[in-house]
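For reference, the structure discussed in these notes is given below.
Labels below follow one simple rule: chain letters A, B, ... track the order of the sequence lines, proteins then strands, and each chain is numbered from 1. Since this is a predicted model, take the numbers as computed values, not measurements.
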2 protein chains.
Amino acid sequence: MAVTPTRASDRDAGAPFAERLDLERMLACALEIVDRDGVEKLSMRRLARALGHDPMSLYRHAPNKAALLDGVADTLLRRLSVDPGDPDWAGQLRAFARSYRQLALDHPNAVPLLVTRPLATPLALRPAGTLRPLEDVLALLTGAGFTGAAALHAYRSLTGLLHGHVLNELQELVDNPDETDDLLRLGLYRLPLREFPLLRGLAAELASYDGAAELERGLDILLSGLTPGGP
Amino acid sequence: MAVTPTRASDRDAGAPFAERLDLERMLACALEIVDRDGVEKLSMRRLARALGHDPMSLYRHAPNKAALLDGVADTLLRRLSVDPGDPDWAGQLRAFARSYRQLALDHPNAVPLLVTRPLATPLALRPAGTLRPLEDVLALLTGAGFTGAAALHAYRSLTGLLHGHVLNELQELVDNPDETDDLLRLGLYRLPLREFPLLRGLAAELASYDGAAELERGLDILLSGLTPGGP
DNA sequence: GACTGTAGGCATACGACGTAGACCCGTTGG
DNA sequence: CCAACGGGTCTACGTCGTATGCCTACAGTC
């Protein structure tokens, strides 16, 4: 009886076994790494190790690391959905916004990708999932009587609000949640009292930030200001 | 006659001569690199080379690369000024916002630092220049009768608006400004027409984005909604 | 069956990276 | 004169992204 190696059984017993590789599994695993350790800890080599493969294998499925980062952002954004047929366009936008916020809270380490990848990748080269919400919102709003320009303006206003809000809210996430005293928990005692008297006095307000309510207020203002006619 | 090397004359003639090193010069040079080649091209080694020094010299003035990145963001933000004594608080905030936008336009490659470093560095550990505008805005608004909480809320709303706006506007910066046809210039022809019909049809609107006007509109809405009493 | 193309995986290698540790020198204060 | 010290440098380690090239297993054709 000869050897006839049964694929992926004897090879590399140490690694968490290496099934067939595909982009989807790569991105899912990459997202796990980002969630656990942050974007800067995601490397091609670590990802390959986590998948039980050789680093170079990854390049059969993604052209380079930048594409991988775009892909991770894409896997998150494609989870957002908009129903372009709903006549309650404001309700759809509101639901979209809430989902986006929740996504950011569930994957705070991935937020830098969500907000900065678009700066690195021109619109037309972004992965399809990233563009889907845009197209769907355009369909939703033009269907509700918005002109194209007004719909685009509304989308931009919405993403602006969302990016701004999420960046705000994630800064409030506290380094040391065990500490009960706000001043200590935020490390504010390090600030020179002479230079930052007001800031130090606002420890309580800094600590009690209601992100959900804040977003709703922003949405109230934004949505009431949007009209089918345009800006 | 012996050697008695005159410091920084014979050493390493290739490098652009190495004066005494200090944090300020380091940060200025780092910002140049970022402006020219982008954040990801800024490395300790390149920075040292540009300054005509050994890479390890940098560590005498900054504890690590993260601090350097914070420092670069800091050199930008400390250029913003707010006059806490001005009774026209809305005017001050408006001017602050315009300066921030201009800063972003002048240093687009540094914008990822401006928006994401705060996520990596807890508030109290940020460089002093970064906190200065916050303290000054608090002074401005409490001086105008705002409660502390209302002033903080206003500041957060403002930075949210600014971050969101700047991220929006910088995405519009076009890859190939030579191309006259909007569809070509934005690369939109790559998009599958079947999946993104609306998006492709909005090339003209995508290309003609007036960032300054957009920001002013946002400010009009925000500032008219702010009241000394709070949210 | 044999032949050929191709897709996916792996080994090796190169140059760049961040930074720890040790050494070295010039200045300063006792 | 000596000790301490601030600042510059050298060497070295482990990690990174990825170019190149080979090897194997399967798909399709005859």
Output a table of donor-acceptor pairs, distance under 3.5 Å, between side-chain atoms of residues 189-199 of chain A and any protein atom two or more places apart or on a different chain; print 'none' if there are none.
none

Without placing hydrogens or testing angles, list every side-chain donor-acceptor pair under 3.5 Å for residues 204-212 of chain B, not counting sequence neighbours.
{"from": "Ser208(B)", "atom 1": "OG", "to": "Ala204(B)", "atom 2": "O", "distance (Å)": "3.2"}
{"from": "Asp210(B)", "atom 1": "OD1", "to": "Ala212(B)", "atom 2": "N", "distance (Å)": "3.3"}
{"from": "Asp210(B)", "atom 1": "OD1", "to": "Ala213(B)", "atom 2": "N", "distance (Å)": "3.2"}

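- Taking Thr121(B) as the reference, Asp70(B) meet the side-chain hydrogen bond (donor to acceptor under 3.5 Å, both in side chains) condition, with sequence neighbours excluded.
- Across the protein-nucleic acid pair, Leu23(B) atom CG and dG6(D) atom C1' stand 15 Å apart, rounded to whole Å.
- Atoms CG (Asp37(A)) and C1' (dT15(D)) sit 15 Å apart, rounded to a whole Å.
- A close approach under 4.0 Å does not occur between any side-chain nitrogen or oxygen of Ser57(A) and OP1 or OP2 of dG8(C).
- The separation between Leu69(A) atom CG and dG17(D) atom C1' is 12 Å, rounded to whole Å.
- Residues passing the side-chain hydrogen bond (donor to acceptor under 3.5 Å, both in side chains) test with Gln92(B) are Asp86(B), sequence neighbours excluded.
- Salt-bridge check for Glu172(A) with Arg156(B): passed, with a basic side-chain N closer than 4.0 Å to an acidic carboxylate O.
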Readout for nucleotides 15-21 of chain C: B = base within 4.0 Å of protein heavy atom, S = sugar-phosphate only, - = neither; 5' to 3' it is --BBBBB
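- His53(B) has its NE2 atom 11 Å from the C1' atom of dT9(D), to the nearest Å.
- Per the geometry, CG belonging to Asp54(A) stands 13 Å off C1' belonging to dA13(C), to the nearest Å.
- Contact annotation: His61(A) does not reach the phosphate of dG8(C) (side-chain N/O to OP1 or OP2, under 4.0 Å).
- For residues 26-37 of chain A, the side-chain hydrogen bond (donor to acceptor under 3.5 Å, both in side chains) pairs, not counting sequence neighbours, are Asp35(A)-His107(A), Asp37(A)-Arg46(A).
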